[in-house]
Every structure is written in C-alpha cells, then in structure tokens.
S.K.: 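Provided herewith is a single structure, encoded as structure tokens, for subsequent inquiry.
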Amino acid sequence: MATVTVRYGDGSTRTSSYGEPVTILRACADMGVSVYAPCGGRGVCGGCKIKARGALSAMTEAESARLTERERADGVRLACMAYAVGDVEVFADDDVVSRAGMRADGVGNIGVAVDIGTTTVAVSAVDMVTGVRIGELTRRNPQSSFGADVISRITAVGKYGVDALRAPLCAMIDDMRHVLGAPDGARTVVVGNTTMLSIWAGIDPTPIGTAPFTPPTLFGFEMCGAYVPRCVSSYVGADAVASALAAGLYDEDNVVACDIGTNGEVIAKEGGVIRACAAAAGPALEGAGIECGMAALPGAIDSVTFDGVGIDVHTVGDADAIGICGSGLISAAAALHDMGALSGTGVLRGGRFELADGVYITQSDIRALQLAKGAVRAAVDTVCGGADKLCLSGGFGSGLDIGACVRIGLVPSALAENVTVLGNGAIRGAEMMLTSDEFVRKADEIAKNAAYIELSGSSDFESRFVECIDF
Ligand code: FES
C-alpha cells in the first residue's frame, strides 16, 4: 500500500492511497495538486522537481543526472520518476509565484484583469474609479502537469476532454479573485493566448493544433461573465494584443511590441501597417527548461557581470543564489561571452560554468537560449525592419539588462536606446481595457487590422533564424 501525503506551507494536508506503487506526479494530479511537468511526465526535462521523503523508490541514474548535488541532499526528487512504495510525504510550495499590493476589501468599485499564460496565470484587482491597481497575484497554471506548451495542452484536451483542463484553471482563478477580495460580478477582462482562452471558455482548441490551424473563435466579445478581447490568430492571442496596447502601438508608429513567453508573439506597426507573427521560443527566457532555471523569485540570479577579472552575480531580493531566471540567463551568456568562456557560436568552455554555489549554466542551457533568442529576433526582424521603438514584455524577470540583450543579439543594436521593458504587458493592457472602453476599441482595432504572417515554412524567417543563432 502506498500513501502519499501532500503538506502545504500553511499546515494543511491532502492524502491519497494506492494498492501499488505510484509516481508522485500521478498522486499529486489525483489530489488536484499542480506539479510543473514540462515534458508531460516523460522523464526527459527535469522540470518536475519536488521535495519528498519517506518510502520512495531508489533514485535511478537518469533521475540523479537531472538533479544537482544540493537538490539530492535536500531530498528533491523528480515527481514523474520517483514512486511512492509506502508512506511518503511531499512538500508542496505555495504555488503563489508572486504577490503584490493588498486585498481589495473596502474599495467600492473593483475590476479584475486576468492573464492566462501557458506557464503562469496573473490576476490583478483594480480600483475602477482611480484606475489604480490594488493587488496582484501570479500562480502557476494548474495545467502545467499536462506539459509546458500549448500543443501538449491541446493533446491533453483530446485525451481527457476540455473540462479536465478547464475546471482546475477556473477554480484557481476564482480562488485568486477571492484572495484579492474582488466581489462576485466584478467587471472582468480576460486575456491569454488563443489556446488558453479557448480552454478557459470550455471550447475545444483542437483545430489550433492541426493544419490549417484555424482557431475555433478569435473572441472579441463578452462571455462567462468577462470581456475577452479579440485575438489576431491561433498563435497571436489577446495577450499579445493587450501587450501591444500597453506598448502604445495604437497611437504611435514604427513600434514593435514583443511578448516573450513560451511563444514569442510580435505585433509591429510600421508606416501605419500592423503585422503580427509568432515563433516558438521555448520557455528558456522565462527561466524554465534550463537546468538551474526558476522564475524571477527571491534567490534567482537575475544579473551577471564580468569586471575584467571574474564574474559577479546579483540575485532577486539579494538572497542566496538558488537558481537562475530568464534575465539572469541572458546576462550570464553576455558576461561569459565577454570573458571568453562562451564562443560566438555558443560553445561553452568545459560544457558547464558555475555562477554561484550549486547554481550553474550548461551547454544545453546555452543551446536553449540560442534557439529562444534566435526565434524571437528573427520574428522581430521579419515583421518590422524599421522600428524606432521596441517594447519587451514577459516573465524574464525585472532588471532585464538591455545591453546584455543587445550583446547576445536578442535586441537589434539600432534600437538599444529605445527599448522599454513592460514586465507583464498583457495584464497591463487588460487593466487599461478594464477601465476604458476607448482602450477596448483600440485593442479591437489592433487585432482586426493586424496582418498575420505565418513563419513556419517561411524561408525568409528560416534564414534569419539561422543568422540569429550565434552570439
Ligand atoms: S522530467 Fe518529469 S515532467 Fe519532465
């Protein structure tokens, strides 16, 4: 008999028992506990790290190879590879990735903005009278246990039905609204990529995953008690439109707005013409899918500098280094290149570089970064050659060093002086729409007027991508 007990930081627990050994991932899923499992539990990504103790299966070589020495000593296991063979305790993080502001209790007229990302879900509460944000929460998308990207979620919908993915998402959003003190019936704007919005709305997203990639709907209407802005296409969602709105794309010209998530979604306006495209970037720029990767939380290395002799690292919250987030990865690559430890083609001397005690960067991390920055840069160059201004938004972490972005080739050097970093531009745009019908109209115009450029199969994009791979 195997019994798995999940312990939360607040002292609460959940327990599930089985007649035979069970993976921690399966037991957690049965109990509705979200575990990040980018490869969907195939044991290849190393992303499903969780702290567990008790009667667990012995660690295989493959599992051990995906953990650092410190993690092994701390009792970290891969949830998809470790089996409970008797009584096991699992220690769940509070899945609140970040939290800001205060509860909205006492504020009269509250609106709610929601951004459903593939990796994280952000909810903010806004005072509708002043337009001021009064609280914000970000949590991991509970669908993460079905895989890291939209295709794995679409596959999961085909296997388990849309409600299996919709119900935990809606329950979590309701809980986040409640934590923020937003009343039932509060005006709500929901943005996200087209797949996430479809699942949230209970619409089968399968057509998005199969050629000719026709979305079941592009939204642009009220549903489920919320306004859902219009998407451009299957792969340029209302999140990218909201980011473009926050970037000022409606009122300005020669602007490119780039929303960097697992997909890089780019909307540009040049000479009054709006173009949009999307490129698969992978999650490296969000600090996921890399060996010591993490979100931009306390302890994440977010900046690395080379002073001519050695390197210096900075962490979020000045805490001890425990991992590296997207901005840290970009900055580390630039610093290692400056010090000669990383070649122009991306070969890391020795295959691994220790940035801090137990936190290191590997050759495969560098390769993931090269693919991500190559895809994003090639997408930007494809839709807009002559922009004067670039707005970057995404979960790479605050303090993104634009100099490092230019040095690794993510940002064109001609725009170095005119880059704005918006943080989560999608939720900023959703907040704008929440408080002004004028912004709703502008976002709708952006989405309707954007000409979508399909990059897959585009030889122009392919050749740019190859050119953009090197540092
Ligand atoms: S290694 Fe466990 S989910 Fe990928």
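Numbers for residues simply follow the sequence, beginning at 1. Whatever order the structure lists them in is the order used to number ligands and atoms, beginning at 1. Since we're looking at a predicted model, the values are computed, not measured.
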S.K.: With a 3.5 Å cut-off and sequence neighbours excluded, list the donor-acceptor pairs that the side chains of residues 154-162 form with protein atoms.
M.R.:
residue, atom, partner, partner atom, Å
Thr155, OG1, Ile151, O, 2.8

S.K.: Is the NZ or CZ atom of Arg352 positioned over Tyr360's six-membered ring, under 6.0 angstrom from the centre and within 45° of the axis?
M.R.: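 Judged by the rule, Arg352 and Tyr360 form a cation-pi pair.
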S.K.: May I ask you to list the atoms of ligand 1 that are less than 4.0 angstrom from any heavy atom of Gly43?
M.R.: 1 (S)
S.K.: Any atoms of ligand 1 less than 4.0 Å from a non-hydrogen atom of Cys80? List them with their elements.
M.R.: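 Counting from 1, the qualifying ligand atoms are 1 (S), 2 (Fe), 3 (S).
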S.K.: Tell me every residue that passes side chain to side chain contact (heavy atoms under 4.5 Å, CB included) with Ala279, counting only those two or more places apart in sequence or in another chain.
M.R.: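 For Ala279, the residues satisfying side chain to side chain contact (heavy atoms under 4.5 Å, CB included) (neighbours in sequence not counted) are Ala375, Ala379, Leu455, Phe461.
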S.K.: For atom NZ of Lys49, decide whether the heavy atoms of other residues, nucleotides or ligands shown that lie under 6.0 angstrom number more than 12.
M.R.: yes
S.K.: Enumerate the atoms of ligand 1 whose separation from the nearest heavy atom of Gly41 is less than 4.0 angstrom.
M.R.: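 Matching atoms, with element in brackets: 3 (S).
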S.K.: Using a strict cut-off of 4.0 Å, indicate which atoms of ligand 1 neighbour a heavy atom of Cys48.
M.R.: 1 (S), 2 (Fe), 3 (S)
